[in-house]
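Residue numbers begin at 1 in each chain, while the letters A, B, ... track the order of the sequences. The figures here come from the full heavy-atom set of this structure, side chains too, leaving out hydrogens, waters and symmetry mates.
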Amino acid sequence: MKERVAIVDGIRTPFCKAGGVLRAMAADDLGAVAVKELMARTEFPPEQIDELIFGNVAQPVEAANVARVLALKAGLPTSLPAYTVHRNCASGMESITTGANKILAGQADVIVAGGTESMSNIPLMYGRKMTELFTGLFKARTVGARLKAMLGFRPSFLKPVVGLEKGLTDPICGMMMGSTAEVLAREFAITRDEQDAFSLRSHQRAVAAIEGGRMAEEIVPVPVPPSYHMVQERDDGPRAEQTMEALAKLKPYFDRQTGTVTVGNSCPITDGAGAVLIMAESRARELGLHPLGYLVDYAYAALDGQRMGLGPIYATSRLLERTGLTVDAFDLIEINEAFAVQVMANQRAFESDAFSRTYLGRDRALGALDDDRLNVNGGAVAIGHPVGATGTRLIITLLHEMRRRNAHRGLASLCVGGGQGAALALEVES
Amino acid sequence: MNPSVRIERSAEGIVTLWIDVPDKKVNIFNEAVITELGQALDEALAVPDLRALVLRSSKSSFIAGADIGILRQLTDENDAAAKARLGQRLFERIAAAPCATLAVVHGACLGGGLELALACRFRIVSDHASTQLGLPEVNLGIIPGWGGSQRLPRLVGLGQAMQMMLTGKSIDGKRAVRVGLADRLVATEFIEAGIQAFLAAIPAQSNAARTPSRSLRERLLDGTAVGRAIVLRAAKKSVLAKTAGVYPAALALIDLVERTYAGPLDTGLEDEARVFGQLAISRVSKNLQQLFFTRESLKGDPGLPYDGVLPPVDHVGVVGAGVMGGKIAWLMTHRDLDVRLKDIEWPAVAKGFAAAHDCYEQLVRVRRLKPETVNVKMHRLSGTTNYSGFGSLDLVIEAIVENLDVKRTVHCELEGVMGDDAILCSNTSSLSVSKMAGALRRPGRFIGMHFFNPVNRMPLVEIIPGEHTDPATVATVYALAKRLGKTPVVVKDCAGFLVNRVLLPYMNESTRMLDDGVDYARVDRVLRTFGLPMGPFELADEVGLDIGYTVSQVLEDAYGDRMAVADLLQVLYKEKGVLGRKAGNGFYVRNGRTAVENPEMRRILSTLKTPSTPDELSDAQIVDRAILLMVNEAARCLDEGVVANAAYLDMAMIMGTGFPAFRGGLLRYADTRGIADVVESLDIMSKRWGAQFTPAEPLKAMAADGRKFYNPETDG
């Protein structure tokens with residue numbers, strides 16, 4: 001990139017398990033809360049923002065172009081254009097990289113970007129047969145025609161199509177995301193015990209981050225509708241009382257008989273949103289701002305959907321090519337924990353010369369992702385993964401931790417359902 | 001003088017009467033207009049081949065009603081009835097015109113305006129939001145006098161007509177068509193085309209009386225004596241439940257309609273004029289007429305004169321997320337301001353959110369708002385536990401605990417984070433604004449802005465400039481209060497300001513009555529019968545004894561013995577920990593939706609009371625002890641210039657405490673009683689119950705000079 005893009009500040013809502021505390025908030029509500037707080041904390045003049053770009057996966061039917069809806073709910077000017085981007089699990093990064101492109105192309109000076117997801121509110125739908133019956137009914141003009149249409153009804157038509165399940169299934173390879181994780185477990189021979197241990201550590205790290213007050217720095221507490229009597233101040237996924245024994249008791253979810261992936265070593269479905277304010281580094285300097293951090297460069301890559309969990313290594317490989325950096329150059333690394341096994345598979349692939357030769361066209365391994373640099377405040381297995389929002393959270397969480405540690409360079413990466421990966425190189429002023 | 005009515009003839013036998021009352025923003029009926037309209041009608045009816053007569057307004061509204069100034073001058077029943085007959089006769093001639101008659105209603109069409117439209121054979125209405133049709137006479141203590149009470153029920157049916165006339169509420173164009181009041185809705189932008197199309201479609205000479213279509217239900221209810229009795233009895237019951245019968249106009253109207261609805265129109269009209277005459281000169285109506293003028297005068301009052309451009313107020317902060325702060329936040333977001341709500345801890349902030357949302361829920365329940373709208377408005381509210389975001393706010397309202405030192409500390413913090421031009425308001429109920437401003441670097445931007453509890457019900461806001469407050473600050477906050485739909489009254493910076501200074505003696509005196517063996521529920525009952533929305537002990541529960549006590553102390557410190565805190569209040573709050581409704585330990589406790597006397601309170605009182613004093617106070621004595629003590633303090637306030645005039649004082653008491661409007665206000669009540677009688681009663685009470693009753697000097701002077709608070713010449 002020709003110039004670093006400043007991430008002036010970032011804020012997110014608590015991440016809460018779907019169907020739980022935040023269930024009365026739609027994706028646009030969650031996004032609006034994050035954006036409104038971002039504007040309040042930065043006190044940046046709203047009329048100087050050129051565009052709002054937001055990532056969202058399960059786009060709500062009642063809020064088409066959810067970005068525009070949440071921008072207005074957040075109190076941004078009516079004259080502010082806004083649009084929604086969708087790169088599945090990378091949507092919350094796509095909004096930021098798209099924004100960066102616009103800024104560097106001279107199309108915009110200042111952009112609010114982010115991601116939001118309410119997995120609580122992904123609807124159940126009528127199936128094709130019931131839909132066709134309704135269509136017939138609406139078209140029928142006479143009583144006879146109406147009766148005839150109704151006679152076509154069978155009770156089985158009422159079986160709902162679960163939107164969430166459909167969304168988490170790759171329509172090309174036909175596999176659910178969890179099944180792709182099982183593929184990686186076999187390919188890299190990662191045992192159930194190893195996965196559970198990784199998951200336990202994710203919880204422990206996340207709990208430590210919460211109790212140490214580190215997470216609170218990036219979270220805006222949310223008075224919870226519908227009654228607003230209660231306020232949600234923290235992520236509700238991380239469990240202080242998590243144990244290996246408890247994790248071991250869980251049955252494999254996607255492959256009942258031979259599988260290793262359980263709900264305990266996968267990320268829970270979650271509600272949440274995050275937002276960042278971005279502009280060119282030069283602009284931030286003109287305005288005398290002290291940005292949280294900078295986006296240096298980024299890369300997306302694609303691969304076979306059955307192995308989508310390896311997206312991070314594919315994307316990181318391209319990012320390293322673009323920047324000339326090595327894995328060692330990054331002081332801290334966030335890789336989204338869609339599944340414990342999927343992050344572990346990446347760790348092994350990063351260390352493998354054979355993997356690099358076979359899949360990346362490189363002679364040697366990229367380099368190890370040491371545990372003490374990787375997901376130091378826990379990851380999605382504990383915190384949760386509101387698909388459209390996670391990309392934004394990874395960047396916010398990473399930059400805050402880099403500042404705390406006085407670290408210079410960070411890597412944020414995630415895997416994307418359907419077979420993609422994203423990798424962002426970030427820096428803070430050192 | 002320009003004529004109020006212009007006649008326009010077009011080729012197709014159509015004559016349009018354009019009503020345009022000179023030198024007025026809106027069309028208002030007075031005698032001149034009636035006369036000119038009569039003459040214009042003569043002229044129009046003489047046009048050969050007259051096919052249709054169209055009544056229109058040249059102004060942006062139709063006709064806003066009759067001149068209330070004339071109403072105020074009416075003092076004779078027969079004279080008033082004759083005035084009604086005059087209008088009736090004109091409208092009768094319109095109704096009897098031998099051609100089609102059409103009222104084109106765009107904008108306000110109220111009172112006499114709607115009665116004119118009702119006299120026409122047809123009405124078409126615009127779909128503009130300003131188009132409102134209604135008969136609000138009952139709000140002035142009178143009834144429609146120009147045929148409205150007769151023609152409206154005959155046109156739209158008893159149920160709908162009584163609903164409109166008894167509440168005085170108007171309906172928009174769309175609804176007017178739905179209920180059969182208007183014949184067609186036209187798009188505002190296409191009114192001309194709408195008139196053309198309508199006139200082209202009606203047959204020539206179409207002036208036959210119309211039989212409106214009725215549903216079976218309506219035919220059963222309106223068309224039979226039993227049905228009518230059911231509708232009207234229900235109406236009467238609802239009126240009595242809401243007003244306890246203190247507003248005679250509504251009841252008189254129901255009786256009138258009952259007598260006349262099924263009979264011939266001309267006897268109905270005669271009856272209407274007679275009842276109108278009786279009501280127009282009644283005390284209650286005169287009081288309500290006075291309040292109408294006070295309201296008008298407040299509307300035009302800029303607070304303090306200020307010529308400059310006012311800064312925009314769009315982003316507001318509220319500090320203190322208690323019930324008060326939360327409801328202020330509700331008010332602001334409801335009027336589309338962005339609010340940053342700050343408290344010390346997040347659970348406290350959430351309480352403020354909940355209080356705001358409660359107000360919205362009430363509006364959703366009565367279908368004034370849709371849940372989607374509430375969602376959007378609630379998004380205008382954001383919370384914080386530090387002052388983040390306060391640097392870009394235009395104005396901040398501090399609504400924290402009523403303690404000078406705490407307030408000063410918070411104000412200093414706020415000054416440190418707020419922009420230099422931002423205004424800081426304290427929602428103090430009694431502390432001196434000038435004293436609070438002492439520690440500030442920008443006292444010119446500091447002011448008192450006192451909202452009343454519950455904020456979503458009480459229309460009053462006291463605006464209290466301190467000695468250093470800039471005129472621009474006063475004007476900005478005054479304008480903000482108006483924008484919020486409140487009635488601002490500028491008051492002087494004295495302890496308790498106006499309303500609490502007048503009200504607190506009443507609270508304390510009521511408490512002292514308990515020492516004389518009077519039952520508190522009886523005090524409440526007697527004062528409710530007097531017309532107050534709740535008695536003093538119900539109010540104490542609602543406000544909280546802690547707050548009542550704190551404010552009382554501030555007042556005692558400032559004014560000395562006459563404002564002494566009642567011993568019993570002190571005991572109940574300080575020793576027994578009684579707080580009121582919020583702690584569930586007040587004079588009353590909730591039993592489902594109703595409040596019942598708290599047995600625990602009875603027990604506490606029985607242990608405290610000196611049993612030797614039996615209750616021998618009459619109802620009248622209870623009223624006098626409570627109300628005349630307020631009059632005494634109000635007279636001092638007026639004398640000290642705490643508020644501009646007696647009318648504003650009365651309005652403030654009505655809007656801030658719910659003092660009964662039918663009495664015209666506290667000082668109006670004193671006028672009605674007679675100042676000499678007030679002074680004498682106070683004198684007698686001072687001998688029996690203490691020096692707090694010693695008549696105030698200004699009152700004594702008024703009694704000696706035979707002066708009243710209101711000018712009997714001009715104020716009726």
Side-chain angles (χ1 to χ4, degrees), chain A residues 9 11 13-14 21 24-48 60 62-63 68-78 116 118 121 213 216-234 273 275 277, chain B residues 312 314-317 321 323 325-327 329-330 332-333 336-361 364 370-394 417-419 422:
Chain A
D9 205 349
I11 192 83
T13 69
V21 200
M25 299 180 82
D28 40 304
D29 293 323
L30 291 165
V33 169
V35 170
K36 193 168 184 93
E37 185 63 16
L38 178 72
M39 298 317 297
R41 290 205 189 174
T42 56
E43 294 194 356
F44 192 83
E47 61 280 3
Q48 288 182 30
E62 69 281 5
R68 172 66 174 169
V69 177
L70 73 85
L72 293 178
K73 283 192 175 183
L76 292 179
T78 316
T116 185
S118 171
N121 286 296
E217 289 177 23
E218 60 187 63
I219 293 179
V220 52
V222 177
V224 182
S227 74
Y228 299 89
H229 283 291
M230 185 218 140
V231 60
Q232 184 65 29
E233 298 191 55
R234 45 161 282 185
L277 179 70
Chain B
D314 294 312
H315 302 274
V316 173
V323 172
K327 290 195 171 184
W330 164 79
M332 304 280 175
T333 57
D336 295 332
L337 282 88
D338 277 349
V339 177
R340 191 97 174 136
L341 181 59
K342 194 250 169 205
D343 209 310
I344 296 166
E345 299 282 340
W346 270 100
V349 175
K351 277 211 180 80
F353 271 66
H357 188 256
D358 276 352
C359 296
Y360 279 122
E361 276 293 281
V364 170
K370 291 185 180 155
E372 300 88 305
T373 316
V374 172
N375 173 295
V376 172
K377 287 184 183 282
M378 279 301 289
H379 272 297
R380 289 194 172 274
L381 184 55
S382 70
T384 180
T385 52
N386 50 44
Y387 290 110
S388 71
F390 271 62
S392 49
L393 298 176
D394 305 316
V417 292
M418 286 164 57

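- In terms of heavy-atom proximity, B:Gly391 sits nearest to A:Glu43 at N-OE2, 2.7 Å.
- When the heavy atoms of residues 381-390 of chain B are compared with those of chain A, the residues falling under 4.5 Å are B:Leu381, B:Ser382, B:Gly383, B:Ser388, B:Gly389, B:Phe390, listed by number.
- Between A:Val231 and B:Ala350, the closest heavy-atom pair is CB-CB, 3.9 Å.
- For the atom pair CE (A:Met25) and NE2 (B:His379), the distance works out to 5.5 Å, reported to the nearest 0.5 Å.
- Annotation: side-chain hydrogen bond (donor to acceptor under 3.5 Å, both in side chains) contacts involving residues 344-360 of chain B, sequence neighbours excluded, comprise B:Thr333-B:Tyr360.
- Atom CZ of residue B:Arg340 and atom CD of residue A:Glu37 lie 4.0 Å apart, to the nearest 0.5 angstrom.
- With a 4.5 angstrom heavy-atom cutoff, A:Pro45 does not touch chain B via any of its atoms.
- In this structure, no portion of A:Met39 lies under 4.5 Å from any heavy atom of chain B.
- With chain B as partner, the option from A:Lys73, A:Met230, A:Glu233 having the largest number of non-hydrogen pairs under 4.5 angstrom is A:Lys73.
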